[in-house]
There are 2 protein chains.
Amino acid sequence: MAATINDVARVAGVSISTVSYALSGKRPIGEKTRQRIESAILELQYQPNAGARALAGRRTYILAVTEPLRPDTYTPAHMAFVLAAATAARAYDYDVLLLTQDEATGGLHRVTSSRLVDGVIVLDVLAEDERAELVRSLDVPAALVGIPADTDGLVCVDLDFEAAARLAVDRLADGGHRVVGLLGHPPSVYARGSNFPLRFREAFVARAAERDLEVRLGAPERTIAGVREAVAEILGPDRDLTGLVMHCEDTIQMRALDVLCEAGLRVPQDVSVISAASTFDTSTFTPPLDVIPLIPAESCSRAVELTIAQITGTVDPRVELIPPTYVDRGSTAPRRP
Amino acid sequence: MAATINDVARVAGVSISTVSYALSGKRPIGEKTRQRIESAILELQYQPNAGARALAGRRTYILAVTEPLRPDTYTPAHMAFVLAAATAARAYDYDVLLLTQDEATGGLHRVTSSRLVDGVIVLDVLAEDERAELVRSLDVPAALVGIPADTDGLVCVDLDFEAAARLAVDRLADGGHRVVGLLGHPPSVYARGSNFPLRFREAFVARAAERDLEVRLGAPERTIAGVREAVAEILGPDRDLTGLVMHCEDTIQMRALDVLCEAGLRVPQDVSVISAASTFDTSTFTPPLDVIPLIPAESCSRAVELTIAQITGTVDPRVELIPPTYVDRGSTAPRRP
DNA sequence: TCTAGGCGTCGAAGCGCTTCGACGACGGTC
DNA sequence: GACCGTCGTCGAAGCGCTTCGACGCCTAGA
């Protein structure tokens, strides 16, 4: 059997409560006593029993992470968020319970009302997401990574996709480009009401209008054929497009570069290319791409932080947008006259 | 506050233990009593407190899943296993705690000795894997998905990669092919001692020798250039290779098909191609590929099953190999004379 | 008719921890 | 020198659940 706090107390020659206070630091402990307790813990390899701790302390030190990997979600990107959340949680001594697909709502209900978890991190939020509703009605400490249509009463964190889109457009506009394209996600992603692709696209179009640019939008299927078609369309019959922003999965981006290459267009001499809101490493692409990175660790650690803050106190509902940054890798150039 | 078993007992007009037995089914309960209890539960929206249950019942109904997404692991495939494990666990009313990277061993120790989890699923096992050691010494209910070098005392489940390799070789040999290639993983994967790629490759070479075939091995980098180079090398200066087995990630496989295509080689007329031990869908490739699938749900649900069997009783250490199957999609043909 | 023995229920004893109140021993204050 | 506050420690009361033993009751077998 594993050692209990009782064993520790006996070996150290103190009472149970003293051990508990030594562990939690909630009351001062004498130096000698503390040392005896510490060596008893080491000797016995004591680890507090999680169940007992949860029962008595009303804290499980577990966070639920819900990520409903939907039929056409792109796994690597989404998993990056799950991992980032797990890592961030561990930094606060929290563990992470993974809630998937079918369990996204039912499971949320179950784990919160059975007090299995202290809080919830909601990933991959749709504009209309039942989990947002649920979290609101459950009134459980939670943070959403992503922005639902109705953020009332919720704590949300996300990259500022609108600002990212503007940043990309401005970069091209400042370089003198007049015709710019956005190579986006597959059509099904937009159809689903997935949140950030829409936000990005709208802001892109709006800023391009402000800057007086001509805009071409593409939503390619993932296949090489799909990408070829979308890129051809964006380039236009006269190939007058000189600025391309890609806000899509890495496979599509890589294929798009292949397509540009086979069309004899050089980056950045003929076309300036920017990879936007990407979770992957664009420095290994051929050529390496300028990128406005979407860093899972950033939003997830903030989400974890805010959730734990709710557990230990009170946090006002809010939407926190993380400002985008621009990484220059030489894939953009001023438009040639 | 959430309702407790006490409230249920009061509302139903029975004792606490009766409610508990009604819930667990461990003792017979009268029909009328059961109904009163059930409606009390519904009325109060009662959910047993997880902590109390864990403390009293010595079961948390949580399984740890460790997946140390290493620098160069290929996320989608690995996540498929995590998800499969989570889904399988839920089928047995177990939840899943995600242990990642840095926490793979330390975390395992922590969650088992604090009794946070009832058992452990170990994913992505290396030939020499400290987690295998740990599980052995911790003596905790566990199942490994993958086969470490030393399986002594462990419960392991995996696809029979050796048989899969033989199946692929035999298919080509039976079709009259004399020169066959294996397009494998990037070199770093083999270098790391990752388990199944090595097992597959060795069995492939051995079977090819038995069938008197000439073998060419490739371990391409993921880039299009890397794939191009590896494929060219495998094809040989005379392009006399007619059978190709691919045991690698989907991007590499797709790129290899692109490369064959641009080299003017048709599948299956010029080259027969088999995708081996693949977790992804090869039916959407151009052309669709024959595949010996590696089905995460299969091995994971068996692993979960075996772990839970250990929790509730005893299971003899064992290595269970799942026999491979062959799915014909028309990407192989007899060798043309 | 008497007695096993199964059924249905209850009370009580924990499970291992946190936390509140209490209490003696000090040191500082007026 | 009496008083107060702080420090360091202890005992005990739970937290909400499972499970063991006990105890009527009813049926079946002898």
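On a predicted model such as this, the values are computed, not experimentally measured, just so you know. Residue numbering restarts at 1 for every chain, and letters A, B, ... go by the order of the sequence lines. Basis for what follows: all heavy atoms, side chains included, without hydrogens, waters or symmetry-related copies.
Going from atom CG of Leu44(B) over to atom P of dG16(D) covers 14 Å, rounded to whole Å. Summarising the geometry, the separation between CG on Asn6(A) and P on dT18(C) is reported as 13 Å, rounded to the nearest angstrom. Rounded to a whole Å, the CD1 atom of Ile5(B) is 5 Å from the P atom of dT18(D).
For Ser17(A), counting side-chain heavy atoms from C-beta on, the closest listed nucleotide (dT18(C), dC17(D), dA12(D)) is dA12(D). For Pro48(B), taking side-chain heavy atoms from C-beta onward, the closest of the listed nucleotides dC17(D), dC17(C), dG16(D) is dC17(D). Of the candidate nucleotides dT9(D), dG16(D), dC17(C), dT9(D) has the atom nearest to the side chain of Thr18(A).
One cannot find a donor-acceptor pair under 3.5 Å joining the base of dG16(D) and the side-chain atoms of Arg53(A). In the interface, the side chain of Thr33(B) is not paired with the base of dG8(C) through any donor and acceptor atom under 3.5 Å apart. Taking only distance into account, the side chain of Tyr21(B) never meets the base of dC17(D) through a donor-acceptor pair shorter than 3.5 Å.
Between Arg27(B) and Ala52(B), the residue anchored nearer the 5' end of DNA chain C, judged by the nucleotide with its closest heavy atom, is Arg27(B). Between Arg34(B) and Ala56(B), the residue whose closest nucleotide on DNA chain C is further toward the 5' end is Arg34(B).
A donor and an acceptor atom, one from each side chain of Thr60(B) and Asp118(B), are located under 3.5 Å apart.
OP1 and OP2 of dT18(C) both lie 4.0 Å or more from every side-chain N or O belonging to Lys26(A). Here Arg58(A) reaches the OP1 or OP2 of dG16(D): one of its side-chain N or O atoms lies under 4.0 Å away. Under 4.0 angstrom from either OP1 or OP2 of dC10(D) there lies at least one side-chain N or O belonging to Ser15(A).
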Legend entry - Thr18(B) vs Ser15(B), side-chain hydrogen bond (donor to acceptor under 3.5 Å, both in side chains): CA-CA, chis, key distance, verdict: CA-CA 5 Å; Thr18(B) 304; Ser15(B) 77; 3.1 Å; yes
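Atom-to-atom distance recorded for Leu144(B):CG and Thr307(B):OG1 is 9.0 Å, nearest 0.5 angstrom.
Looking only at distances, no side-chain donor or acceptor of Arg318(B) sits under 3.5 Å from a matching main-chain atom of Cys156(B).
Residue contacts for Thr4(A): at a heavy-atom cut-off of 4.0 Å it reaches the sugar-phosphate backbone alone, with no base atom in range.
Atom CZ of Arg90(B) has more than 12 neighbouring heavy atoms from other residues, nucleotides or ligands inside a 6.0 Å radius.
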